[in-house]
Amino acid sequence: MSELYPVPPDFAADAGIDKAQYEARYADSVHDPEAFWADVAQRLDWITPPTRIKDVSYARDDVHIRWYEDGVLNVAANCLDRHLAERGDKTAIIFEGDEPDDTRHITYRELHGEVCRFANALRHLGVGKGDRVALYMPMVPEAAVAMLACARIGAIHSVVFGGFSPDSLAGRIADSTCKVVITADEGVRGGKKIPLKANVDAALERDGTRSVETVVVVQRTGAGVHMQSPRDRWYHSLIEGQSEDCAPEPMNAEDPLFILYTSGSTGKPKGVLHTTGGYLVYVSYTHACVFDLKEEDVYWCSADVGWITGHSYVVYGPLANGATTVMFEGVPSYPDASRFWNVVDKHKVTLFYTAPTAIRALMREGDAPVTRTSRRSLRVLGTVGEPINPEAWEWYHRVVGDERCPIVDTWWQTETGGILITPLPGATDLKPGSATKPFFGIQPAVVDADGKPLEGACSGNLVITDSWPGQMRTIYGDHQRFVDTYFSTYPGNYFTGDGVRRDEDGYYWITGRVDDVINVSGHRIGTAEVESALVAHAQVAEAAVVGCPHDIKGQGIYAYVTLISGVEPSDALRDELIGWVREQIGPIAKPDFLQWANALPKTRSGKIMRRILRKIAENQPEALGDTSTLADPSVVEVLVQERLSQ
Ligand code: PRX
């Protein structure tokens with residue numbers, strides 16, 4: 001039995017949703033989803049309120065997901081205009097720059113004005129409803145402005161994390177034929193500069209990027225960058241003289257809002273498509289419930305806008321709710337390991353949401369950097385992105401939260417748009433390491449390898465049996481891949497790709513990916529992507545990549561490389577290959593370990609046996625399991641010997 005952390009009574013007394021309300025509302029939500037979600041949708045301002053609430057089929061030959069399909073609304077108007085009367089002077093965004101003295105407060109009125117000016121500028125550049133716009137930005141308010149400006153005019157944004165390489169950026173631009181790229185001269189994180197504009201220049205030299213007509217450049221560091229006329233335009237010149245009025249485009253609820261690329265187990269990254277109405281209903285509602293949001297809260301999610309967490313819980317959820325949201329440009333360790341908690345004290349942050357990898361890294365620095373700060377303002381702590389180990393959970397609870405603050409361990413995915421399995425802080429007793437219970441309307445099930453549903457306490461694969469409004473609608477340009485990836489493994493269900501255990505109390509414990517996706521510091525890396533980068537190197541014949549345990553990152557990247565004949569392994573070549581992957585994909589995909597392999601373990605039909613490679617990487621040769629199906633079992637012995645001698 002794991003230890004139970006009951007809801008603190010004084011927290012429960014003040015909470016928006018208590019235990020009984022959770023139970024009752026959850027029962028309603030799964031008993032009559034249409035009535036439930038029709039009611040929740042009223043939290044938004046609709047130009048035309050929806051009458052058709054849900055039209056969903058998970059049937060393999062006809063997968064379609066539609067919510068509120070006759071409703072009309074605009075996301076930017078919901079995040080800005082409707083707050084002006086009551087909250088015009090309320091701070092919408094607190095910007096906390098990389099350097100601690102670099103802070104800006106932006107009110108809802110100011111943000112509305114800036115979004116309108118930039119939306120008008122985009123319209124002048126010929127951007128309209130349905131056009132794709134790529135964002136390759138640092139964590140500055142202009143990133144949120146650009147997202148909202150696209151939403152205002154009906155353009156579809158595709159944010160690419162600033163840590164991705166020019167090649168990765170080019171691939172994403174090409175896949176969705178973007179018309180405009182919005183970037184900055186440079187980014188700055190932890191005192192280090194990132195040459196964003198130079199990376200865009202390099203990306204636009206790659207094949208397939210000729211759709212790009214304009215590059216808009218935000219001046220962040222003032223570094224001298226090459227501006228290519230007439231393609232490249234400064235953001236500040238473009239918005240100069242633009243009107244602060246810009247009529248929001250009336251959007252159908254099922255019109256696309258954004259594309260966000262994410263790694264899968266095979267092939268190139270998938271363009272996850274989210275639409276307008278259901279997404280905004282879902283992220284605003286989950287944000288309000290999961291964090292027990294109150295009008296005076298100061299909410300800080302430390303994620304980058306380049307990831308889904310940044311979309312849903314830095315920008316859209318909080319702003320739809322009229323909350324104050326902190327945008328942090330820096331890293332937890334700069335200028336020192338007290339940075340997070342100094343920012344909490346400085347802005348009186350009440351709700352704080354971060355990733356287990358950050359908690360583990362800070363925990364390693366000891367308690368002192370935390371305990372020398374006050375943190376009295378904190379009410380709720382959250383985590384997302386990967387399983388949190390109970391030790392890190394307890395440290396977060398005891399040292400950061402002074403045993404006062406409930407922790408919401410939120411499980412969800414790029415594909416789900418918002419949080420699906422999570423505690424509600426006033427309603428759920430906590431168990432360290434468990435994401436606990438489903439959110440309203442979410443029906444998880446545990447199935448075995450054959451798809452048979454398991455009952456009671458059990459372990460297996462996590463599927464969701466019915467839709468929710470924030471679910472992705474398709475893979476941009478490849479609906480068949482959407483069907484194959486998510487609805488074919490366990491027909492009739494959405495397959496999450498995660499393994500799970502359900503305990504005797506009905507609590508869910510996510511055990512990690514069951515496919516060939518590695519979760520490095522809460523970021524998804526497809527093994528196939530790293531492998532194809534490696535084999536693109538002239539001296540590599542073959543490569544296989546698996547995940548391995550890593551103290552800070554959760555999982556590390558372990559690569560096995562076979563060189564072409566005649567090339568000798570060397571430390572210099574190892575460094576070169578690691579650097580090569582970094583260049584091809586970006587620093588987050590850099591292998592942590594690279595082992596030379598004369599040959600890889602394969603079945604007689606030539607399939608690489610990753611299960612075995614995983615065990616070797618985990619240094620568990622005794623757990624290799626059945627190797628009798630291998631074409632040449634001696635390959636494994638050599639790899640094990642060489643692994644041990646490393
Ligand atoms: O394996 C799960 C893990 O992260 C995956 C989703 O990654 P991504 O699409 O990049 O989105 C991350 C932010 C939502 C999931 O399939 N994951 C996410 N949150 C948790 C988690 N694993 C365990 N516990 C969590 N709270």
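In listed order, ligands and their atoms are each counted from 1. Values below: every heavy atom of this structure, side chains too, minus hydrogens, waters and symmetry copies.
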Test side-chain hydrogen bond (donor to acceptor under 3.5 Å, both in side chains) applied to Arg132 and Tyr476, step by step: CA-CA 11 Å; Arg132 275 82 56 210; Tyr476 184 79; 3.1 Å; yes

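Taking the side chain as every heavy atom from C-beta outward, Asp175 and Lys268 approach each other to under 4.5 Å. With contacts defined as side-chain heavy-atom distances shorter than 4.5 Å, the pair Met472/Ile65 does not qualify.
Dense packing is recorded around CG of Asp448, with more than 12 heavy atoms of other residues, nucleotides or ligands lying under 6.0 Å away. Atom NZ of Lys437 is surrounded by more than 12 heavy atoms from other residues, nucleotides or ligands within 6.0 Å.
Taking the six-membered ring where the residue is Trp, Phe164 and Trp307 present perpendicular rings, their angle passing 60° and hence far from 30°.
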Close N/O pairs between ligand 1 and protein, under 3.5 Å:
{"residue": "ligand 1", "atom": "1 (O)", "partner": "Asp498", "partner atom": "OD1", "Å": "2.7"}
{"residue": "ligand 1", "atom": "1 (O)", "partner": "Asp498", "partner atom": "OD2", "Å": "3.2"}
{"residue": "ligand 1", "atom": "4 (O)", "partner": "Gly385", "partner atom": "O", "Å": "3.2"}
{"residue": "ligand 1", "atom": "4 (O)", "partner": "Asn519", "partner atom": "ND2", "Å": "3.3"}
{"residue": "ligand 1", "atom": "9 (O)", "partner": "Thr414", "partner atom": "N", "Å": "2.8"}
{"residue": "ligand 1", "atom": "9 (O)", "partner": "Thr414", "partner atom": "OG1", "Å": "2.5"}
{"residue": "ligand 1", "atom": "9 (O)", "partner": "Arg524", "partner atom": "NH1", "Å": "2.8"}
{"residue": "ligand 1", "atom": "16 (O)", "partner": "Gln413", "partner atom": "NE2", "Å": "2.9"}
{"residue": "ligand 1", "atom": "16 (O)", "partner": "Asp498", "partner atom": "OD1", "Å": "3.3"}
{"residue": "ligand 1", "atom": "16 (O)", "partner": "Asp498", "partner atom": "OD2", "Å": "2.6"}
{"residue": "ligand 1", "atom": "16 (O)", "partner": "Arg513", "partner atom": "NH1", "Å": "2.8"}
{"residue": "ligand 1", "atom": "17 (N)", "partner": "Gly385", "partner atom": "O", "Å": "3.3"}
{"residue": "ligand 1", "atom": "19 (N)", "partner": "Gly385", "partner atom": "N", "Å": "3.1"}
{"residue": "ligand 1", "atom": "22 (N)", "partner": "Pro387", "partner atom": "N", "Å": "3.4"}
{"residue": "ligand 1", "atom": "24 (N)", "partner": "Glu386", "partner atom": "O", "Å": "3.3"}
{"residue": "ligand 1", "atom": "26 (N)", "partner": "Asp409", "partner atom": "OD1", "Å": "2.7"}
{"residue": "ligand 1", "atom": "26 (N)", "partner": "Thr410", "partner atom": "O", "Å": "2.7"}

